[in-house]
Amino acid sequence: MALIIQKYGGTSVGTPERIKNVARRVASWQARGHRVVVVVSAMSGETNRLIALAKEVQAQPDPRELDVIAATGEQVTIGLLSMALMDIGVKARSYTGGQVKVLTDSAFTKARIVSIDEGNIRRDLETGHVVVVAGFQGVDEAGRITTLGRGGSDTSAVAIAAALKADECQIYTDVDGVYTTDPRIVPEARRLETVTFEEMLEMASLGSKVLQIRSVEFAGKYKVKLRVLSSLEELGQEGPGTLITFEEDIKMMEQPIISGIAFNRDEAKLTVLGVPDRPGIAYQILGPVAEANIDVDMIIQNVGHDGSTDFSFTVPRGEYAKATALLDQVKGHIGARQIAGDNRIAKVSVVGVGMRSHVGIASKMFRTLAEEGINIQMISTSEIKISVVIDEKYLELAVRVLHKAFELDQVPA
Ligand code: ASP
Ligand code: MG
């Protein structure tokens with residue numbers, strides 16, 4: 001008998017019929033002797049609707065009141081799911097974040113969880129209840145309702161799993177696992193049986209949207225075993241999904257060198273041309289960007305020539321105009337020749353913990369792109385990933401040829 005946390009996202013609870021399906025799935029786990037805590041999102045589209053509603057009344061919604069409104073989406077789902085469970089003879093009880101209680105800091109709309117009181121949940125589990133908890137929300141010290149940021153129900157589920165020391169945290173979604181890459185681009189993409197936390201973190205931050213990044217960080221930190229599964233598969237015919245776990249738990253034989261190809265269209269590149277090659281320049285360029293709260297991702301500086309150099313970096317595409325305006329301001333005072341930019345770029349990355357112990361991954365990646373005539377504009381690496389920036393129009397081609405070159409379409413021996 002195991003203690004299992006199951007999280008169902010917006011699509012999985014998007015209609016009354018789907019909520020009834022979730023109830024049947026939960027019941028089947030309980031019938032097999034497991035204790036189950038269910039964490040749910042709002043019905044799909046509901047959080048967007050609530051936020052839009054708030055903005056119709058106040059253009060810049062007051063953060064405290066916005067959370068009061070946004071948190072209601074999940075409150076509806078916990079009630080509905082509990083009723084659906086009772087309707088098929090399962091004892092169920094719902095809890096809002098505040099009722100649990102999930103204590104957070106007071107950063108409305110992006111609160112962080114401070115602690116979780118497991119008392120209520122444990123008591124109900126003891127008496128054979130399925131406990132249904134609203135994701136995405138908590139309360140601060142003063143009892144004010146807070147939310148955890150968009151996609152925050154994943155984090156709620158992982159935090160509850162950590163607090164209860166659950167055997168597994170299952171994230172049910174509309175895909176049946178984590179794939180080697182987006183199957184919409186590469187039909188041969190395969191579901192991964194297992195992936196390590198580190199790889200999952202890289203993939204999430206590189207644009208794979210299966211899990212909220214914070215929930216993966218949290219799970220890694222608190223050693224919560226995470227499994228991504230589909231809620232849309234027929235009961236009794238469910239696949240095993242993808243288990244996200246620790247490197248030492250994955251048998252070496254099964255571990256391919258590269259686990260996936262991630263990509264991201266959401267960046268733009270800025271280049272400061274002809275800056276004096278002297279100490280402090282990087283700081284003078286990036287300082288104002290950081291102060292404006294713009295996230296900088298890749299950075300490169302060329303070797304200097306005749307006392308000057310070029311400096312490039314990438315920012316989220318939505319911040320491109322703002323960053324360009326900032327650079328135009330600093331240009332004169334640092335003595336740069338010109339600011340250039342490009343927001344039609346894409347980042348493609350190969351990810352795999354096997355890179356640590358194998359050489360030649362980068363050269364294989366670069367050769368593969370060269371053979372297709374794809375120019376690499378920027379490169380960055382970490383221990384387990386290599387990313388390149390290329391022209392956006394070659395993105396799909398790049399992902400396809402890399403997927404093939406690294407044999408990700410083939411089941412590892
Ligand atoms: N309902 C919230 C959102 O749409 C939280 C979640 O779904 O995880 O962002
Ligand atoms: Mg979600």
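Indexing begins at 1, ligand by ligand and atom by atom, following the structure's order.
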Chemist: By number and element, which atoms of ligand 1 are closer than 4.0 Å to a non-hydrogen atom of Gly151?
Modeler: 3 (C), 5 (C), 6 (C), 8 (O), 9 (O)
Chemist: Supply the atom-to-atom distance Lys269 NZ to Glu267 CD, rounded to the nearest 0.5 angstrom.
Modeler: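 So the gap between those two atoms works out to 12.0 Å.
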Chemist: Atom CD1 of Ile244 and atom SG of Cys169: how far apart are they, to the nearest 0.5 Å?
Modeler: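 Result: 9.5 Å between the selected atoms.
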Chemist: Which of the numbered atoms in ligand 1 are below 4.0 angstrom from a heavy atom of Arg150?
Modeler: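 Under 4.0 Å from Arg150, ligand 1 has these atoms: 3 (C), 4 (O), 9 (O).
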Chemist: For Ser41, take its heavy atoms, then give the atoms of ligand 1 lying under 4.0 Å from any of them.
Modeler: 6 (C), 7 (O), 8 (O)
Chemist: Is the shortest distance from a heavy atom of Glu74 to ligand 1 less than 4.0 Å?
Modeler: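 A heavy atom of Glu74 does come that close to ligand 1.
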Chemist: Between ligand 1 and Gly152, can you find any atom pair, the residue atom being a heavy atom, that is separated by under 4.0 Å?
Modeler: yes
Chemist: Do Thr104 and Thr146 have side-chain atoms, one donor and one acceptor, less than 3.5 Å apart?
Modeler: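 On atom types as modelled, these side chains qualify, holding a pair under 3.5 Å.
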Chemist: According to the side chain to side chain donor-acceptor pair (under 3.5 Å) rule, which pairs have a member within residues 218-234, sequence neighbours left out?
Modeler: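 Of all non-adjacent pairs touching residues 218-234, those that pass side chain to side chain donor-acceptor pair (under 3.5 Å) are Ser12-Ser231, Glu168-Arg227.
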Chemist: Got a sec, which pairs hit ring-ring contact (aromatic ring centres under 6.0 Å, His included) with one end in residues 157-198, sequence neighbours left out?
Modeler: Tyr8-Tyr172, Phe197-Phe246
